[in-house]
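Quick notes on the structure that follows.
In each ligand, atom 1 is the first atom listed, and ligand 1 is the first ligand listed.
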Amino acid sequence: MPPIQSSPGEPAGLPRYAGLGTFAKLPRLDEVSQTDVAILGVPFDSGVSYRPGARFGPNHIRESSRLLRPYNPELAVAPFQRLQVADAGDVAAGPYDLPAALAVVERQARDLLDGGARLLTIGGDHTISLPLLRAVAAVHGPVAVAHFDAHLDTWEGSYGTVFNHATPFRRAVEEGLIDMEASIHVGVRGPLPADTDLEDDRRLGFTVITATDLEMEGVRTAGERLRARIGDRPVYVSVDIDVLDPAFAPGTGTPEAGGLTSRELLVLLREFRSMNVVSGDIVEVAPAYDHAQITGIAAAHTGYEILSTMAVSPYGAERLPGAAVPVPAPVATP
Ligand SMILES: N=C(N)NCCCC(=O)O
Ligand SMILES: [Zn+2]
Ligand SMILES: [Zn+2]
């Protein structure tokens with residue numbers, strides 16, 4: 001089995017702030033012989049309703065990920081030694097034709113999944129979760145969705161269109177891509193168009209941990225609810241960076257006050273260490289509204305924790321032959 005590689009093409013001793021900026025300074029897809037998890041950039045924001053700019057998200061997240069180091073003490077794992085993770089570059093999704101762009105995203109995601117990799121996609125606006133779920137469901141069947149977001153993203157439509165960043169999970173339910181016995185929103189908050197939005201969402205089958213629920217019950221209870229809801233089902237983790245409070249993610253298109261701290265999000269993501277994460281995405285990073293990479297760093301750490309959970313999970317694609325896959329003791333939470 002080929003050894004795990006990281007950034008083979010750069011001189012030893014190169015400082016982390018130097019050299020080409022793949023995600024976490026990992027190798028490119030063409031530099032490794034086998035990939036367990038592919039980082040896929042989708043520079044696309046033609047589905048947004050308010051602030052644009054998430055098309056610049058992928059490279060902003062890559063640039064903000066340079067300081068991610070090899071060992072994750074929270075999960076006692078060196079994820080890039082346990083899994084071969086490689087940066088697959090960006091999808092050629094154009095800005096003018098939304099259906100054509102979504103088809104390109106689906107096609108490239110499907111090619112990587114068919115090659116045996118799992119995906120961690122960096123967007124781009126939340127519209128992209130629909131083609132990504134189409135590709136994932138084609139391989140795994142309907143999957144549970146753990147959706148971290150200030151917004152439900154299950155609207156019927158927005159500004160006269162039905163494919164955009166406000167509707168991906170309603171379309172995905174309609175297309176039979178999601179296991180509605182096990183899907184959940186986390187972080188929902190902010191003004192809604194009408195009081196019927198939450199009831200409509202409940203009728204679809206989602207359960208919700210609102211930002212206020214999280215404040216009142218804490219991350220420990222929220223983690224228990226996530227594990228109870230998802231269980232051992234294959235799960236897709238979608239993180240809209242606006243789940244974080246604007247103080248922790250100013251660089252995003254539809255900010256809502258009263259959000260999560262980055263620490264709360266990272267602690268909750270570690271709950272997936274015992275679950276079967278088949279792929280995931282991190283969306284809505286809009287660098288034009290970011291400062292000192294605050295949002296980019298939060299997104300990069302979000303990706304690092306998701307990759308770390310994939311590396312320690314008993315369901316993970318274990319690359320070290322015969323190595324025991326430790327499922328770490330529950331993380332002490334405040
Ligand atoms: N940011 C995402 N994904 N969705 C926002 C939908 C609500 C809005 O367009 O006002
Ligand atoms: Zn959102
Ligand atoms: Zn969203």
Side-chain angles (χ1 to χ4, degrees), residues 42-58 60-61 98 101-102 105 121-133 145-173 177-178 183-198 200-201 204 206 208-212 214 236-260 262 264-265 268-269 280-290 295 298-299 302-303 306:
V42 180
F44 176 84
D45 64 16
S46 303
V48 301
S49 57
Y50 191 62
R51 290 172 177 172
R55 65 183 66 177
F56 297 102
H60 186 64
I61 295 169
L98 186 144
L102 300 194
V105 173
T121 302
I122 48 180
D125 76 57
H126 225 153
T127 316
I128 68 173
S129 293
L130 178 59
L132 292 168
L133 280 167
V145 168
H147 172 218
F148 294 82
D149 201 324
H151 309 100
L152 295 168
D153 290 354
T154 55
W155 288 358
E156 174 48 41
S158 179
Y159 296 110
T161 72
V162 294
F163 295 106
N164 54 62
H165 79 160
T167 67
F169 299 108
R170 180 172 290 272
R171 297 292 88 77
V173 172
L177 311 178
I178 300 183
S183 294
I184 186 166
H185 302 295
V186 181
V188 173
R189 66 186 186 275
L192 295 170
D195 60 353
T196 50
D197 281 49
L198 286 165
D200 289 350
D201 186 78
L204 273 185
F206 282 96
V208 185
I209 301 175
T210 67
T212 302
L214 194 59
Y236 185 90
V237 180
S238 182
V239 179
D240 181 328
I241 208 65
D242 70 28
V243 70
L244 296 178
D245 187 87
F248 297 88
T252 193
T254 45
E256 311 283 353
L260 277 61
S262 43
E264 285 171 323
L265 176 61
L268 282 176
L269 289 174
D281 63 40
I282 303 165
V283 296
E284 298 287 343
V285 172
Y289 303 94
D290 203 2
T295 313
T302 294
I306 292 172

Which residue and non-hydrogen atom of the protein lie closest to [atom], and at what distance in Å?
atom                   : answer
atom 1 (N) of ligand 1 : T254 OG1, 2.9 Å
atom 7 (C) of ligand 1 : W155 CH2, 3.6 Å
atom 9 (O) of ligand 1 : S49 OG, 2.4 Å

Verify whether one side chain among T127 and N164 offers a donor that lies under 3.5 Å from an acceptor in the other. no
So which of D153, V48, D125 gets nearest to atom 3 (N) of ligand 1, if we judge by its closest heavy atom?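 Selected option, by shortest heavy-atom distance: D153.
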Suppose we call two aromatic rings close when their centres sit under 6.0 Å apart. Are F206 and H147 close by that rule? no
How wide is the angle at the Zn ion (ligand 3) between OD2 of D153 and OD2 of D149, to the nearest 10°? 80°
Angle subtended at the Zn ion (ligand 2) by H151 ND1 and D242 OD1, rounded to 10 degrees: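 H151 ND1 and D242 OD1 form an angle of 100° at the Zn ion (ligand 2).
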Answer yes or no: does an N/O atom from H165 fall short of 3.5 Å to an N/O atom of ligand 1?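 Indeed, backbone or side chain, H165 has an N or O that close.
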Short N/O distance, under 3.5 Å, between D242 and ligand 1?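 D242 vs ligand 1: N/O contact under 3.5 Å present.
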Distance filter under 4.0 Å to D240 heavy atoms, resulting ligand 1 atoms: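 Result: 1 (N), 2 (C), 3 (N).
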Which ligand 1 atoms are under 4.0 Å away from a heavy-atom of H126?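 By the 4.0 Å cutoff, the relevant atoms are 3 (N).
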In D240, the N, O or S atom nearest to the Zn ion (ligand 2) is which? OD2
Can you tell if the side chain of D201 reaches within under 4.5 Å of the side chain of V208, non-hydrogen atoms only?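 Yes, close enough: below the 4.5 Å cut-off.
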Evaluate the side-chain proximity of Y236 to D281: yes if any heavy-atom separation is below 4.5 Å, no if none is.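 In short, these two side chains touch, coming nearer than 4.5 Å.
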One pair to check against salt bridge (Lys or Arg N to Asp or Glu O under 4.0 Å): R171 and E156. What are the steps and the verdict? CA-CA 8 Å; R171 297 292 88 77; E156 174 48 41; 3.0 Å; yes
